[in-house]
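First the structure, in the form of C-alpha cells, and then the observations on it.
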Amino acid sequence: MQNEQIKREEDIEEDDTLDPGEDFETPVEVTGLRLRSNDAISPETVSEFRGNVRTRTVVLVGEQKAGKTTLLASLFGQFCNGPVGRFTFADSRTLLAFSERRHRALRKSQRKSPSAPRTSRGAPVHFFHLCVADNAGERFNILISDRSGEAFDAARRNTDLLSRLEELAMADFVCFLLDAGKLTNKERRAGYKRKFRETIKALNDNGVLPTTAKVEILVTKLDKLQRAGVDPEVLEEVRRYEADLRGEFAGKVASFEVYEVCALPRANFATGVVGLSEMIDRWCLPDAGVDPRPVPVEDAARHLDRLVGVWE
Ligand SMILES: Nc1nc2c(ncn2[C@@H]2O[C@H](COP(=O)(O)OP(=O)(O)O)[C@@H](O)[C@H]2O)c(=O)[nH]1
Ligand SMILES: [Mg+2]
C-alpha cells in the first residue's frame with residue numbers, strides 16, 4: 001500500500017519533467033525495480049527526445065584527447081557548484097553519465113594527473129542532456145554529443161565515412177576543439193594545424209554541416225599557453241592561426257567564431273576555468289526571429305499576388 005503510494009508520487013513527479021522514452025529505463029523484469037539508468041543518450045533515442053522538447057544540439061568535434069569529454073564534465077561540474085553566469089542547473093536526463101565523467105576527470109588515477117576516460121574508438125556517439133534555467137525561470141534544454149576523436153580522424157581521411165557522423169545533421173552548434181597544448185610544440189604543430197583545418201574543410205565541403213549551424217572554434221587547454229616559460233611567439237602563432245581559419249571559413253558557414261576555453265586548468269591553476277559561462281550563454285541565445293509574413297511580389301500579374309502589397 002505504502003509502496004503503491006510512493007510509486008504514484010514518483011509517477012507524478014516524472015510527468016512534469018522530460019519524457020526520455022522507455023529505452024532510458026532499466027527493464028523492470030531485469031531488476032524488479034523501476035529505476036532510470038540515466039546513462040548517456042544513445043543515437044537511436046535522441047530524435048524521440050528532441051521531438052518531445054525544444055532542444056539545442058551541440059556537436060563537439062575534436063581529435064582524440066582534444067578535451068571533449070573533459071569539457072562537458074567540467075561544464076556539468078560548474079553547474080554543481082552553483083550558477084554559471086545567468087543560468088542555474090535545472091535538470092539532466094543523463095545525471096549519472098555526467099557525474100561519472102566529472103568524477104573521472106577529477107579523480108587521481110594511476111597517472112600523475114587526473115583525466116577523463118578514453119572515449120573508445122568503436123563506441124557510437126552519445127548525448128548528454130543539460131537543462132538550465134535563467135533568472136526569469138525560463139528553461140533551456142541542451143544536448144551535447146560526445147564521440148571518439150578517432151571517428152572524426154577517419155572521416156577526414158575517408159569522406160565515405162562522413163555520413164556515419166549522424167549527430168552533425170541535428171547540430172545547432174558545431175564546436176571544433178583546437179588543442180592549444182599541441183600548438184606549443186614547434187615540431188608537431190604544423191601537422192596538427194593542417195589536420196585540424198582539413199577536418200573542418202572535409203565536413204563543410206561535403207555538406208555534412210547543416211547550413212544553419214553555427215560553427216565555433218573552441219581553443220581548449222588555455223592553461224597550457226599561460227604557464228610559465230611559454231614562448232610569447234607561441235601566442236602570436238595561435239592568433240595567426242585563428243585569423244587564418246577565420247579568413248578561410250567565415251564566409252562559408254552561417255556563423256564562424258573563435259573562443260578560448262579552459263575546462264581543467266591543471267597545467268596552470270592561475271588560469272582558472274575560462275569561457276564556460278559565455279559558452280552556455282551562446283548556446284541558449286534565442287534564435288533571431290523569423291518574419292513569417294509573405295513578401296510582396298513586384299509587378300505581380302495576378303490580382304491575388306498584388307494583395308500582399310496592398311496590405312503592407
Ligand atoms: N591542462 C589541461 N588539460 C586538459 C584540459 N582539458 C582536458 N585536458 C586533458 O586532456 C586529456 C584528454 O582529455 P579528454 O577530455 O579525454 O579528451 P577527448 O578525447 O577529446 O574526450 C586529459 O588528460 C585531460 O585531463 C584543460 O583545459 N587543461
Ligand atoms: Mg572523450
Side-chain angles (χ1 to χ4, degrees), residues 38-41 57-82 84-85 87 89 92 94-121 123-130 132 142-153 167 173-185 192 195-196 199 216-227 238 258-280 282-283:
N38 249 333
D39 206 350
I41 301 171
T57 305
V58 177
V59 172
L60 300 182
V61 183
E63 66 160 29
Q64 221 190 313
K65 299 209 164 200
K68 300 178 293 296
T69 309
T70 306
L71 182 70
L72 60 87
S74 173
L75 183 64
F76 172 71
Q78 295 291 302
F79 276 103
C80 291
N81 295 341
V84 178
F87 297 101
F89 177 83
S92 172
T94 54
L95 259 188
L96 202 68
F98 259 136
S99 306
E100 192 217 353
R101 302 311 189 275
R102 180 185 180 221
H103 171 74
R104 297 224 204 177
L106 299 176
R107 186 175 67 110
K108 279 252 179 282
S109 61
Q110 275 94 333
R111 299 156 65 153
K112 287 200 190 91
S113 43
S115 81
R118 184 166 176 267
T119 313
S120 61
R121 182 190 190 132
V125 63
H126 274 102
F127 294 86
F128 292 74
H129 168 244
L130 184 64
V132 298
I142 305 168
L143 282 176
I144 309 170
S145 75
D146 189 23
R147 79 147 77 221
S148 159
E150 288 162 51
F152 295 112
D153 209 35
E167 68 274 31
F173 293 87
V174 182
C175 300
F176 292 89
L177 275 75
L178 177 69
D179 185 340
K182 292 258 170 81
L183 297 177
T184 60
N185 184 324
Y192 178 68
K195 276 203 245 167
F196 186 83
T199 305
E216 295 190 349
I217 305 296
L218 301 179
V219 184
T220 61
K221 309 189 189 176
L222 195 61
D223 54 320
K224 292 197 175 179
L225 293 181
Q226 296 183 347
R227 65 184 155 183
V238 176
V258 182
Y259 302 98
E260 290 177 341
V261 295
C262 184
L264 189 69
R266 62 194 178 106
N268 177 13
F269 291 119
T271 300
V273 172
V274 177
L276 301 195
S277 72
E278 293 85 350
M279 195 170 78
I280 278 289
R282 295 194 298 275
W283 294 351

- With a 4.5 Å heavy-atom cut-off, do Val274 and Val261 have their side chains touching? no

- By side-chain hydrogen bond (donor to acceptor under 3.5 Å, both in side chains) - contacts of Thr271 (at least two apart): Gln226, Asn268

- Task: Going by the side chain to side chain contact (heavy atoms under 4.5 Å, CB included) test, name the single residue among Ile144, Leu177, Val59 that passes it with Lys68.
- Result: Leu177

- Query: Quick one: does Phe152's side chain get under 4.5 Å of Arg147's, heavy atoms only?
  - Reply: yes

- Query: Would you say Val125 and Phe127 make side-chain contact, with heavy atoms under 4.5 Å?
  - Reply: yes

- Excluding sequence neighbours, so at least two apart, what forms salt bridge (charged side-chain N to carboxylate O under 4.0 Å, His left out) with Asp223? none

- Got a sec, which residues hit salt bridge (charged side-chain N to carboxylate O under 4.0 Å, His left out) with Arg282, two or more places apart in sequence or on another chain? Glu216

- Taking the side chain from Tyr192 and the backbone from Asp179, do they hold a donor-acceptor pair closer than 3.5 Å? yes

- Message: Quick check against the 3.5 Å criterion: does Ser145 have a side-chain atom that pairs as donor or acceptor with the backbone of His126?
- Response: no

- Heavy atoms only: give me the nearest Ala73-Ala105 pair and the separation to one decimal. CB-CB, 4.2 Å

- Query: Is any side-chain heavy atom of Val58 closer than 4.5 Å to a side-chain heavy atom of Leu143?
  - Reply: no

- Taking only residues two or more places apart in sequence or in another chain, which ones pass side-chain hydrogen bond (donor to acceptor under 3.5 Å, both in side chains) with Thr57? Arg50

- Show your reasoning for whether side-chain contact (heavy atoms from CB on, under 4.5 Å) applies to Glu150 and Glu63. CA-CA 6 Å; Glu150 288 162 51; Glu63 66 160 29; over 6 Å; no

- Query: Can you name the salt bridge (charged side-chain N to carboxylate O under 4.0 Å, His left out) partners of Lys224, sequence neighbours left out?
  - Reply: none

- Euclidean distance, Arg101 CZ relative to Phe128 CZ, rounded to 0.5 Å: 4.0 Å

- Message: Going by the rule side chain to side chain contact (heavy atoms under 4.5 Å, CB included), which residues pair with Ala263 if we only count those two or more places apart in sequence or in a different chain?
- Response: Thr70, Leu71, Ser74

- Which heavy-atom pair separates Val132 from Phe87 by the least distance, and what is that distance? CG2-CD2, 3.8 Å

- Message: Nearest 0.5 Å, please: how far is CG in Leu178 from NZ in Lys221?
- Response: 10.5 Å

- Note on the structure: Rounded to the nearest 0.5 angstrom, the NE2-OG1 distance for His129 and Thr94 is 7.0 Å

- Which value, rounded to the nearest 0.5 Å, describes the distance between Thr220 atom OG1 and Phe176 atom CZ? 14.0 Å

- Message: If I take atom CZ from residue Phe89 and atom CG from residue Leu130, how far apart are they, to the nearest 0.5 angstrom?
- Response: 6.5 Å

- Out of curiosity, Leu72 CG to Phe98 CZ, how far, rounded to the nearest 0.5 Å? 5.5 Å

